[in-house]
2 protein chains.
Amino acid sequence: MKNTIKVERAILDITQDELAKEIGVSRQTINSIEKNRYVPSTVLALKLSKLFGKPVNDFFVLEDQD
Amino acid sequence: MKNTIKVERAILDITQDELAKEIGVSRQTINSIEKNRYVPSTVLALKLSKLFGKPVNDFFVLEDQD
DNA sequence: CAAAAATGTAAAGTATATTTGTCATTAAGT
DNA sequence: ACTTAATGACAAATATACTTTACATTTTTG
């Protein structure tokens, strides 16, 4: 699964730390998701969806390997 | 977070077991998600999205407590 | 350039997702 | 009513998300 969280962050012009605080997780969690170190929970994805103002499928996309 | 997986299953007319096999998880995992025993990963949500033919936000919705 | 802010990463600990196996209960079919 | 299929649930084991702390590197800004 790939994601475009970095792009969404750029659109909102916020840092990883600010995004983390907005949705109530640690900065490292945001960093790890952006760098594909692990797959977030659906609740976290929905919180990002709410903040970004667009559906989960817009910034999280399945890859062939998934 | 609440979900309408049971409804989506009814639309496709498939059992928990069949759904589980389609997306490559155990039947208990599907059952547990339907019954809100735990929150699935975003990859699992995207696989359901693909199978259901609709965005994740359509069948997974945040609640006030989230 | 120098300082500060932002990012990347790692280790250790905790919480929770997911599996497999199993059994009880309910629903559906004959 | 009987049989089978489907669902709900639990326990133990394993995998992985997420936290906190900490530090190095990169980027931004004065």
Side-chain angles (χ1 to χ4, degrees):
Chain A
M1 184 186 71
K2 59 183 178 180
N3 73 80
T4 54
I5 295 177
K6 190 170 186 173
V7 175
E8 298 301 331
R9 246 188 343 101
I11 293 173
L12 294 183
D13 191 27
I14 56 176
T15 67
Q16 291 181 345
D17 196 44
E18 287 167 341
L19 174 54
K21 277 165 184 149
E22 286 276 2
I23 67 176
V25 294
S26 71
R27 177 183 70 80
Q28 287 81 343
T29 292
I30 296 299
N31 185 280
S32 294
I33 293 168
E34 271 192 26
K35 304 298 287 186
N36 291 305
R37 253 190 295 280
Y38 53 64
V39 174
S41 74
T42 300
V43 164
L44 207 164
L46 288 176
K47 286 180 181 174
L48 289 173
S49 170
K50 188 176 179 182
L51 186 66
F52 296 160
K54 48 185 70 169
V56 170
N57 298 65
D58 273 24
F59 49 92
F60 280 123
V61 180
L62 282 182
E63 290 179 295
D64 306 329
Q65 61 198 50
D66 298 319
Chain B
M1 183 186 71
K2 60 183 178 180
N3 73 81
T4 55
I5 294 178
K6 190 170 187 173
V7 175
E8 299 300 332
R9 243 184 351 96
I11 292 174
L12 294 183
D13 191 28
I14 56 176
T15 67
Q16 291 181 347
D17 196 44
E18 287 166 341
L19 174 53
K21 275 164 184 148
E22 286 276 2
I23 66 176
V25 294
S26 70
R27 179 184 69 81
Q28 288 83 342
T29 293
I30 297 299
N31 185 279
S32 294
I33 293 168
E34 271 192 24
K35 304 298 287 185
N36 290 304
R37 253 190 296 280
Y38 54 64
V39 174
S41 74
T42 300
V43 164
L44 206 164
L46 288 175
K47 285 180 179 172
L48 290 173
S49 170
K50 188 177 179 182
L51 186 66
F52 295 160
K54 49 186 69 168
V56 170
N57 299 64
D58 272 25
F59 49 92
F60 279 123
V61 180
L62 282 182
E63 291 180 294
D64 306 329
Q65 60 198 50
D66 298 318

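The sequence lines fix the lettering, A, B, ..., with proteins before strands; numbering per chain opens at 1.
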For A:Ile33 and A:Leu48: C-alpha separation, side-chain torsions, deciding distance, then whether side-chain contact (heavy atoms from CB on, under 4.5 Å) applies. CA-CA 12 Å; A:Ile33 293 168; A:Leu48 289 173; 5.5 Å; no
When the distance from CG of B:Asn36 to C1' of D:dT7 is rounded to whole Å, what number comes out? 15 Å
Student check: side-chain heavy atoms of B:Arg37 and B:Asn31 closer than 4.5 Å: yes
How close or far is atom P of C:dT7 from atom CG of A:Asp13, stated in whole angstroms? 10 Å
Enumerate the residues from residues 48-66 of chain B whose closest heavy atom to DNA chain C is under 4.0 Å, giving them by residue number; use none for an empty result. none
Please answer whether the main-chain N or O of A:Val39 pairs with a side-chain N or O of B:Thr42 as donor and acceptor at a distance below 3.5 Å. no
To the nearest angstrom, how far is A:Lys6 atom NZ from D:dT27 atom C1'? 11 Å
If I take atom NZ in residue A:Lys35 and atom P in nucleotide D:dA17, what distance separates them, rounded to the nearest angstrom? 17 Å
Using a 3.5 Å distance criterion without hydrogens, assess whether the side chain of B:Asn57 forms a donor-acceptor pair with backbone atoms of A:Pro55. no
Residue pair B:Val7 / B:Phe52, side-chain heavy-atom distance below 4.5 Å: no
Tell me whether the OP1 or OP2 atom of D:dT7 has a side-chain N or O from B:Asn31 closer than 4.0 Å. no
Heavy-atom side-chain contact between A:Glu63 and A:Asn36 under 4.5 Å: no
Round to the nearest Å and state the distance from B:Gln16 atom CD to D:dT7 atom P. 5 Å
In whole Å, I'd like the distance from the CG atom of A:Asp17 to the C1' atom of C:dA4. 14 Å
Any non-hydrogen side-chain atom of B:Val43 less than 4.5 Å from a side-chain atom of B:Lys47? yes
Can you give me the N/O atom pairs linking the protein to nucleotides 17-23 of chain C at distances under 3.5 Å, or say none if there are none?
| unit_1 | atom_1 | unit_2 | atom_2 | d |
| --- | --- | --- | --- | --- |
| C:dA17 | OP1 | B:Val39 | N | 3.2 |
| C:dA17 | O5' | B:Val39 | O | 3.2 |
| C:dT18 | OP1 | B:Ser41 | N | 3.2 |
| C:dT18 | OP1 | B:Ser41 | OG | 3.4 |
| C:dT19 | OP1 | B:Ser26 | N | 3.4 |
| C:dT19 | OP2 | B:Ser26 | N | 3.0 |
| C:dT19 | OP2 | B:Ser26 | OG | 2.8 |
| C:dT19 | OP2 | B:Thr29 | OG1 | 2.1 |
| C:dG21 | N7 | B:Gln28 | NE2 | 3.4 |
| C:dG21 | O6 | B:Gln28 | NE2 | 2.9 |
| C:dT22 | O4 | B:Gln28 | NE2 | 3.2 |

Stepwise, does the side-chain contact (heavy atoms from CB on, under 4.5 Å) test hold for A:Leu12 with A:Glu22? CA-CA 12 Å; A:Leu12 294 183; A:Glu22 286 276 2; over 6 Å; no
Tell me whether the side-chain N/O atoms of B:Arg9 come closer than 4.0 Å to OP1 or OP2 in D:dT7. yes
Less than 4.5 Å apart, any side-chain heavy atom of A:Phe60 and any of A:Asn3? yes
Round to the nearest Å and state the distance from A:Ile23 atom CD1 to D:dC18 atom C1'. 12 Å
